[in-house]
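Just so you know, these numbers use all the heavy atoms, side chains as well, and skip hydrogens, waters and symmetry mates. Residue numbers start from 1 in every chain, and the chains themselves are labelled A, B, ... in the order their sequence lines are given, proteins ahead of strands.
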Amino acid sequence: MLEKNYNPKDFEEQIYAQWEKDGDFKPDMRSDKDAFAIVIPPPNVTGVLHMGHALDDTLQDILIRYNRMLGKKVLWQPGMDHAGIATQMVVERNLAKEGITRHDLGREKFIETVWKWKEQSGGTICKQLRRLGASCDWSRERFTMDEGLSRAVRKIFVNLYKDGLIYKAKKLVNWDSKFMTAVSDLEVVQKETVGKMYYYKYPIEGEEGQFIHIATTRPETMFGDTAVAVSKENEKLKHLIGKKAIIPIINRAIPIIGDEHADPEKGTGAVKITPAHDFNDFEVGKRHNLPMINILNEDATLNENTPFEGMDTQTARQKTIEKMTELGLMEKIEDHPMVIPYGDRSGVVIEPLMTDQWFVDAPTLAKEAIRVVEEGEMKFVPTTYEKTYFEWMRNIQPWCISRQLWWGHQMPIWYGPDGTIFCEENEEEAQIAANKHYGKNVELTRETDVLDTWFSSGLWAFSTMGWPDKTEFLDTFYPTSVLVTGFDIIFFWVARMMMMSMYMMKKVPFKTCYIHGLVRDEQGRKMSKSKGNTVDPMETIETYGADALRFFMAAMETQGRDINMSENRIAGYRNFATKLWNASRFGEMNSCAPVKGFDETSVSHPVNKWIVAKAKEATRAVTANLNNYRFSDAANDVYQFIWGGFCDWYIEMIKPILYGEDENAKAETRATFGWVLDRILVILHPFMPFITTELWNNTAERSTKLIHAAWPQNENIDTKALNDIDWTIDLISAIRSLRAEMNLPAGAKLTVYMKGAEEKSQQHLRDFATIICSLARLEKIEAYNGEITPDMAQAVFKEAVILLPLKGIVDFSAEKERLRKELEALEKNLEGYARKLGNPSFVERAPAAVVEEEKRRQAEALDKKAKTEEALARIVNL
RNA sequence: GGGUGUGUAGCUCAGCGGUAUGAGCACUACGUUGACAUCGUAGGGGUCACAAGUUCGAUCCUUGUCACACCCACCA
């Protein structure tokens with residue numbers, strides 16, 4: 001017995017536990033059908049589920065469940081990312097509460113602590129994913145730092161290194177002074193601010209009273225200046241080229257050089273060049289062989305190369321200005337719009353800093369990654385993201401992969417006593433290589449840097465399947481079928497996966513990349529903790545059930561567009577679930593249940609034939625839309641069928657049968673109801689796995705679990721069966737409309753006549769009289785050949801007129817008004833038809849079918865107009 | 001500066017070269033029947049941003065304009 005009320009809390013968690021216990025998420029390796037695989041975008045081990053995950057993982061689960069029901073070998077590979085910086089940050093914060101820093105612990109102890117933290121508090125999100133209903137194969141859960149994946153990281157690193165695609169270089173990199181590590185370009189966010197532009201002057205060496213005027217936003221970097229540049233085209237300043245300027249305060253002479261980097265139109269036309277602290281100046285420095293003077297420590301305080309050692313940049317800036325003012329060299333300070341780089345995680349200003357770092361030769365790796373997308377081996381859905389991908393990949397810069405952190409994959413790099421580099425998969429091999437190199441046993445020291453987190457996630461598609469070992473899983477599931485992720489992850493992850501996979505596997509990591517948008521708040525603003533406008537999916541699930549949230553996500557997902565949260569709408573989908581629940585209860589109360597051996601093609605009652613055809617039609621539409629990643633269309637197809645077709649019409653239409661005397665019809669209808677409800681549970685299951693399973697388990701004894709039920713394919717649809725009932729539905733709607741128009745009490749049982757109906761319509765009338773009477777609240781309905789009397793309300797219905805005799809005097813003004821309005825609309829339409837059909841080039845050039853259709857509509861409208869006019873005339877004549 | 005996307009009902013959005021039966025929510029009126037008030041029935045509401053072009057026909061294609069959003073680059 002189903003409970004009276006739909007209460008998802010009663011069963012959602014239990015059902016999930018049962019699936020997991022029964023191993024229902026494991027791929028069926030005996031299936032003779034294709035493989036279908038998705039690797040989950042590994043959430044950070046520190047992460048908790050947010051609405052973005054809820055969207056991302058719902059879409060994946062829909063695809064996974066759908067394909068599982070198609071009978072394929074289906075793998076949804078779950079796991080988590082070790083999230084270098086994020087995790088180190090969390091653990092350090094915990095230590096800080098006890099007044100300890102990681103340096104107090106030392107590297108080894110600290111890493112131990114992180115692992116301990118991971119075991120105890122990491123991975124909350126995996127529990128939450130279960131609550132959402134995600135049917136991942138948890139028995140295969142991986143972690144980007146586990147032993148297997150670490151081996152994969154080392155192996156691919158060594159390969160890349162030996163192929164010359166990983167190299168060490170001293171370069172200007174983005175330096176995060178909070179974490180004291182280099183970060184990649186992607187981890188830097190540019191923020192617009194209004195800053196200051198400082199104008200001052202440097203004396204010219206040997207020329208008393210002569211100056212070169214400089215504009216800068218960072219006066220404190222002057223101690224690292226190694227030149228002043230002016231354009232060779234600059235008529236006013238080019239005479240200074242070759243002379244020397246004196247950096248005040250420290251009185252160091254630097255050359256004035258000619259370089260096109262100095263735009264005569266900007267600033268003063270002269271630019272101070274600080275090669276060690278500015279990416280543009282770095283290039284200028286290289287061109288002119290300028291020395292590079294580093295003026296910063298790793299914590300972004302000024303170093304011994306400046307007079308302000310130990311000060312932070314802001315303080316040093318003030319000091320510099322003070323000094324310059326004292327020297328009479330300050331000219332003016334102006335407000336200046338500028339962009340300042342910040343670390344996306346640390347939130348501190350990123351400083352360009354000269355350091356030894358490791359790089360991946362991304363431009364080389366990008367070539368294959370670009371080619372396979374160009375040639376369609378990997379397709380973006382929607383295709384527009386292809387452009388974003390190409391744009392980025394074609395302009396890609398070397399990827400800085402070294403991080404001066406502790407938590408992460410330590411690079412498989414060892415240094416010999418003289419600094420020779422040995423890159424091997426483990427220490428023993430490095431030792432062997434080194435001993436061979438030196439001809440004797442030497443002591444090696446290991447590189448302390450760890451890898452950028454995205455290096456290991458870049459291998460996710462194949463490392464999770466056992467690579468570098470040759471495994472059955474790798475053979476079966478690689479390349480994976482589709483990757484589902486947000487557009488903000490294209491550069492970070494999609495691009496890197498493409499590069500790494502093409503390099504190592506020579507095959508794309510996934511055949512399709514489905515990109516979705518952001519989940520925003522109700523007003524369309526980005527959700528953020530600082531704004532306080534985040535919605536916790538777990539709370540939503542608590543209130544409305546996981547199914548409602550999932551259906552919301554699916555119904556809102558229209559190919560890449562952002563989604564605005566809407567609690568109203570989620571409530572609406574909870575209501576939808578309630579509706580289905582109650583429809584099932586109706587079936588239960590009326591002994592409707594699936595019958596073994598029931599053949600839905602053999603039903604004879606038109607209503608049953610109709611719903612069977614409708615169900616198949618809906619199935620076909622959902623299938624097509626899922627195949628094309630049209631989630632909202634698929635969801636709406638199911639929704640419309642269940643609510644608009646099954647509940648609104650079918651259930652209402654079978655009531656007279658179920659409450660009637662015809663036992664054969666009753667039996668057929670009960671079985672049909674059972675069949676249709678089963679069909680509903682099947683096609684709704686990917687979207688709402690919980691309620692469908694609960695109903696499936698409670699409406700019959702089952703030999704198959706719903707999660708493994710077969711998704712129906714290639715069915716024939718009896719389109720003829722659709723028309724009869726569609727005619728009846730139209731008629732019922734017309735009568736209801738007329739009733740409402742005449743303000744008749746809903747309870748009143750009426751008689752309705754139909755005049756001028758064709759034989760076929762009359763037949764329908766006889767066949768469906770009971771149904772029509774029941775749904776339109778009539779005493780009787782029948783064909784009529786008599787006169788239309790003044791007490792009859794009229795409505796034109798197709799070729800006939802519906803007559804509603806009313807007892808006593810009736811106010812016809814409302815009806816008059818309605819008929820007039822209808823006439824107006826008809827006139828307007830007719831004008832359109834006449835215009836079109838009167839246009840010779842339309843008749844000549846438009847496809848014949850279109851012209852015919854137009855003519856048919858015109859004829860229909862003319863007929864209806866005539867009937868409506870008659871009706872109106874009769875009223876007016878009263 | 002370069003790029004991408006979006007402007008359709010009060011709101012959030014679907015959709016399509018052939019009259020917008022658009023969807024959900026909101027709104028109005030009425031609620032009868034033994035699945036359901038987390039509901040039912042009926043109804044109101046749109047010059048599909050603007051302009052030009054292509055076409056027999058444009059909300060849909062092209063170009064331009066305006067508005068908005070996002071991405072990338074950029075601290076003189």
Side-chain angles (χ1 to χ4, degrees), chain A residues 2 4-6 185 190 193 195 197-199 214-218 229 261-263 266-274 278-281 336-341 349 352 384-385 387-388 391-392 395 487-488 490-491 517-518 522-524 526 544 555-556 558 560-566 568-569 571-590 632-633 636 639-640 647-648 651-652 655 659 733 736-741 743-749 774-775 777 828-829 832-833 836 839-847 849-851 853-854 857 861:
Chain A
L2 292 170
K4 171 125 179 27
N5 294 312
Y6 164 63
D185 297 345
Q190 312 281 347
T193 31
M197 179 75 83
Y198 303 89
Y199 291 82
I214 309 277
T216 180
T217 54
R218 302 199 54 187
H261 170 59
D263 182 344
K266 283 188 182 169
T268 61
V271 193
K272 64 194 268 310
I273 302 298
T274 322
D278 181 283
F279 288 99
N280 288 315
D281 293 3
H336 183 72
M338 52 196 268
V339 186
I340 297 178
V349 174
T384 161
Y385 285 106
K387 289 181 197 150
T388 312
E391 184 63 21
W392 162 258
N395 297 306
F487 67 85
D488 49 331
I490 294 177
F491 304 145
L518 242 51
E522 303 235 357
Q523 283 84 44
K526 224 170 169 170
Y544 300 104
M556 297 303 284
T558 54
R561 275 184 77 140
D562 287 352
I563 291 175
N564 290 356
M565 241 7 245
S566 162
N568 251 340
R569 219 162 162 139
Y573 292 123
R574 187 269 325 267
N575 296 354
F576 169 62
T578 307
K579 186 80 180 173
L580 175 63
W581 185 265
N582 285 316
S584 306
R585 284 180 55 235
F586 171 83
E588 189 178 58
M589 289 167 174
N590 289 283
S632 73
D633 287 336
N636 287 327
Y639 184 98
Q640 286 306 332
C647 295
D648 285 351
I651 289 184
E652 294 307 320
K655 279 179 183 172
Y659 304 149
S733 301
R736 282 170 173 173
S737 193
L738 184 61
R739 285 182 69 124
E741 201 72 53
N743 278 321
L744 296 170
K749 288 259 186 175
S774 160
L775 272 70
R777 298 295 293 167
K828 221 173 131 195
N829 287 348
Y833 301 136
K836 261 189 169 173
N839 179 351
S841 45
F842 171 74
V843 181
E844 274 165 38
R845 310 182 69 157
V850 172
V851 178
E853 179 61 17
E854 203 70 9
R857 281 176 183 161

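- Considering only the side chain of A/D648, B/G40 comes nearest among B/G40, B/A14, B/G18.
- At the heavy-atom level, A/N636 lies nowhere under 4.0 Å from the strands shown.
- If you check B/A37 for Watson-Crick or wobble pairing at under 3.5 angstrom, you find it has no partner at all.
- As judged by a 4.0 angstrom heavy-atom cut-off over every strand, A/P341 is placed among the base-contacting residues.
- Closest of all the heavy-atom pairs between A/N564 and A/M556 is O-CE, 4.2 Å.
- Judged by Watson-Crick or G-U wobble contacts below 3.5 Å, the nucleotide B/C11 has B/G24 as its partner.
- The separation between A/N839 atom CG and B/U55 atom P is 14 Å, rounded to whole Å.
- In this structure, CZ of A/R574 is placed 8 Å from P of B/U38, rounded to the nearest angstrom.
- Within the structure, a side-chain polar atom (N or O) of A/T558 is placed less than 4.0 Å from OP1 or OP2 of B/A14.
- Considering NZ of A/K526 and CG of A/D562, their distance stands at 9.0 Å, rounded to 0.5 Å.
- Comparing B/C70, B/A76, B/C75 by their nearest atom to the side chain of A/I340 picks out B/C75.
- Between the P atoms of B/G44 and B/A23, the separation comes to 13 Å (whole Å).
- Among the heavy atoms of the strands lying under 4.0 Å from A/T384 are primed sugar atoms or P, OP1, OP2 only; no base atom is included.
- Counting heavy atoms from C-beta on, the side chains of A/T388 and A/F487 never come closer than 4.5 Å.
- Proximity of A/K387 to the phosphate of B/G5: a side-chain N or O atom is located under 4.0 Å from OP1 or OP2.
- Checking the phosphate oxygens (OP1, OP2) of B/C39, no side-chain nitrogen or oxygen of A/N582 falls inside 4.0 Å.
- Proximity of A/S737 to the phosphate of B/G43: a side-chain N or O atom is located under 4.0 Å from OP1 or OP2.
- Of the two residues near RNA chain B, A/A583 and A/E522, the one whose nearest nucleotide lies more 5' is A/E522.
- Contact annotation: the side chain of A/I273 approaches that of A/H261 to within less than 4.5 Å [non-hydrogen atoms, C-beta and beyond].
- Atom-to-atom, CG of A/D185 to C1' of B/A73 comes out at 11 Å; the value is rounded to the nearest Å.
- Comparing the same atom, C1', in B/C56 and in B/U19 gives a spacing of 16 Å after rounding to whole Å.
- Base pairing annotation: B/U6 forms a Watson-Crick or G-U wobble pair with B/A67, both donor-acceptor distances under 3.5 Å.
- Residue A/R561 has a polar side-chain atom (N or O) positioned under 4.0 Å from OP1 or OP2 of B/A14.
- For the pair A/K655 and B/A35, the criterion of a side-chain N or O lying under 4.0 Å from OP1 or OP2 is met.
- You'll find the side chain of A/I490 stays beyond 4.5 Å of the side chain of A/W392, heavy atoms only.
- Spacing of P atoms, B/U8 relative to B/A51, comes out at 16 Å, to the nearest Å.
- At a threshold of 4.0 angstrom between heavy atoms, the contacts of A/T388 with the nucleic acid are absent.
- Considering only side-chain atoms of A/R777, the nucleotide from B/A23, B/U33, B/A14 that sits closest is B/U33.
- Comparing the same atom, P, in B/C16 and in B/G34 gives a spacing of 43 Å after rounding to whole Å.
- The nearest whole Å value for the distance from the CZ atom in A/F586 to the P atom in B/G34 is 12 Å.
- Separating the CG atom of A/N575 from the C1' atom of B/C25 is a distance of 11 Å, rounded to the nearest angstrom.
- In terms of modelled atom types and a separation under 3.5 Å, the side chain of A/E588 and the main chain of A/L2 share a donor-acceptor contact.
- A gap of 24 Å separates the C1' atoms of B/G3 and B/C50, to the nearest Å.
- Among the nucleotides B/C36, B/C72, B/A76, the one closest to any side-chain atom of A/F491 is B/C72.
- Picking from B/G24, B/A76, B/C56 the nucleotide with the shortest atom distance to the side chain of A/F842 gives B/C56.
- B/G2 atom P lies 18 Å from atom CD of A/Q190, rounded to whole Å.
- Separation of the P atoms belonging to B/C70 and B/C27 is 31 Å when rounded to the nearest angstrom.
- In this model, the phosphate group of B/A35 is not approached by any side-chain N or O of A/R585 to a distance below 4.0 Å at OP1 or OP2.
- With distances taken from any side-chain atom of A/N564 to the nucleotides B/G18, B/C13, B/U32, the minimum falls on B/C13.
- Under 3.5 Å, the side chain of A/E741 and the base of B/A29 form no donor-acceptor pair of N or O atoms.
- Nearer to the 5' terminus of RNA chain B, by closest-nucleotide assignment, is the contact made by A/D633 (compared with the other of A/D633 and A/K836).
- Here the P atom of nucleotide B/A35 and the CD atom of A/E588 are 13 Å apart, to the nearest Å.
- Of the listed nucleotides (B/A76, B/G40, B/U38), B/A76 has the atom at the smallest distance from the side chain of A/M197.
- Taking 4.0 angstrom as the limit, A/K526 places none of its side-chain polar atoms (N or O) nearer than this to OP1 or OP2 of B/C70.
- Looking at heavy atoms from C-beta onward, A/Y544 lies out of side-chain contact with A/Y573 at the 4.5 angstrom threshold.
- Distances were taken from every side-chain heavy atom of A/N280 (C-beta onward) to each of B/C75, B/G18, B/A76; the shortest belongs to B/C75.
- Listed nucleotides B/U38, B/C70, B/A35 differ in distance to A/T578; the shortest reach to its side chain belongs to B/U38.
- With hydrogens and angles disregarded, no donor-acceptor distance shorter than 3.5 Å links the side chain of A/T193 to the backbone of A/G195.
- The residues A/K387 and A/E391 are annotated as not salt-bridged, no charged nitrogen and carboxylate oxygen being separated by less than 4.0 angstrom.
- B/G45 and B/C60 have their P atoms separated by 24 Å, given to the nearest Å.
- As a whole-Å value, the separation of A/Y833 OH from B/C56 C1' is 17 Å.
- Taking side-chain N and O atoms only, A/Y659 has a distance below 4.0 Å to OP1 or OP2 of B/A35.
- Comparing B/C36 with B/C30, their P atoms sit 24 Å apart, to the nearest whole Å.
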>> With side-chain contact (heavy atoms from CB on, under 4.5 Å) as the criterion, how do A/R574 and A/Y6 come out once you've worked through the C-alpha distance, each side chain's angles and the decisive distance to 0.1 Å?
In response: CA-CA 9 Å; A/R574 187 269 325 267; A/Y6 164 63; 4.2 Å; yes
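- Across the strands present, B/U62 finds its partner in B/A52; the criterion is a Watson-Crick or G-U wobble pair with both atom distances under 3.5 angstrom.
- Here A/P337 lies out of heavy-atom contact (under 4.0 Å) with every strand.
- Across all strands shown, B/U19 forms no Watson-Crick or G-U wobble pair with both distances under 3.5 Å.
- When both pairing distances are held under 3.5 Å, B/G57 makes no Watson-Crick or G-U pair with any nucleotide shown.
- Base pairing analysis places B/G1 opposite B/C72; the two distances defining the Watson-Crick or G-U wobble pair are each below 3.5 Å.
- Nearest to the side chain of A/V339, among B/C74, B/G31, B/A76, sits B/C74.
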